[in-house]
Amino acid sequence: MSRICELTGKGRQVGCNVSHANNKTKRVFLPNLQNVTLLSEGLDRSFKFRVSTHGLRSVEHNGGLDNWLLKTSDTKLSPRAVKVKRELKKQQAA
């Protein structure tokens with residue numbers, strides 16, 4: 001499983017460890033991913049996602065999962081999140 005946030009698309013970053021002697025070696029910065037269950041008020045269901053802590057704060061700031069999915073473009077979302085977004089749009093249209 002790749003280390004990518006399913007809601008924000010945040011992934012690993014590459015950088016360098018720099019020693020006191022200024023030697024540089026490659027290293028990887030991984031996002032802080034958590035398995036969370038988010039409740040969709042529009043669908044009356046809960047969904048499990050693997051989300052970074054930054055992404056979780058962003059979802060809460062925007063007023064929940066439904067608002068976050070409707071505001072975010074499909075390119076950043078995972079295929080599972082896009083499927084939930086499609087269900088939500090169908091529910092709102094009906």
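Given the structure is predicted, the values throughout are model-derived calculations rather than measurements.
The backbone N or O of Gly42 sits less than 3.5 Å from a side-chain atom of Asp66, completing a donor-acceptor pair. Using a distance-only test at 3.5 Å, with no hydrogens or angles considered, a donor-acceptor pair links the side chain of Asn67 to the main chain of Asn62. Side-chain N or O atoms of Glu6 include one that pairs as donor or acceptor with a backbone N or O of Arg50 at under 3.5 Å. Under a 3.5 Å cut-off, the side chain of Lys85 and the backbone N or O of Thr72 do form a donor-acceptor pair.
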Run the numbers on Leu88 and Ser40 for side chain to side chain contact (heavy atoms under 4.5 Å, CB included), then give the verdict. CA-CA 9 Å; Leu88 191 61; Ser40 170; 4.1 Å; yes
Pair Val51-Asn35, side chain to side chain contact (heavy atoms under 4.5 Å, CB included): steps then yes or no: CA-CA 6 Å; Val51 183; Asn35 293 318; over 6 Å; no
Checking side chain to side chain contact (heavy atoms under 4.5 Å, CB included) for the pair Lys26/Val14: CA distance, chi angles, key distance, verdict? CA-CA 7 Å; Lys26 286 279 191 176; Val14 178; 3.9 Å; yes
Test side chain to side chain contact (heavy atoms under 4.5 Å, CB included) applied to Thr53 and Leu33, step by step: CA-CA 6 Å; Thr53 52; Leu33 295 179; over 6 Å; no
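Counting heavy atoms from C-beta outward, Val84 and Phe47 have side chains that approach closer than 4.5 Å. At a threshold of 4.5 Å between non-hydrogen side-chain atoms, the residues Leu38 and Leu7 count as touching. Between Val28 and Gln13, every side-chain heavy-atom pair lies at or beyond the 4.5 Å cut-off. No side-chain heavy atom of Val18 sits less than 4.5 Å from a side-chain heavy atom of Asn23.
Of all heavy-atom pairs spanning Ser52 and Cys5, the tightest one is N-SG, 3.3 Å. Of all heavy-atom pairs spanning Gly55 and Thr8, the tightest one is CA-CG2, 3.6 Å.
Atom-to-atom distance recorded for Leu56:CG and Phe49:CZ is 12.0 Å, nearest 0.5 angstrom. Going from atom CD of Glu60 over to atom CH2 of Trp68 covers 11.5 Å, rounded to the nearest 0.5 Å. Note that the CZ atom of Arg45 and the CG atom of Leu39 stand 11.0 Å from one another [nearest 0.5 Å].
Partners of Gln92 under the side-chain hydrogen bond (donor to acceptor under 3.5 Å, both in side chains) rule, at least two apart in sequence or in another chain, do not exist in this structure. For the side-chain hydrogen bond (donor to acceptor under 3.5 Å, both in side chains) test, no residue two or more places apart in sequence or in another chain qualifies with Ser58.
Within 6.0 Å of the CZ atom in Arg27, the count of heavy atoms belonging to other residues, nucleotides or ligands exceeds 12. Atom CZ of Arg80 has more than 12 heavy atoms from other residues, nucleotides or ligands within 6.0 Å.
A continuous path of Ile, Leu, Val, Met, Phe, Trp and Tyr side chains, each step under 4.5 Å between heavy atoms, connects Val59 with Val82, placing both in one hydrophobic cluster.
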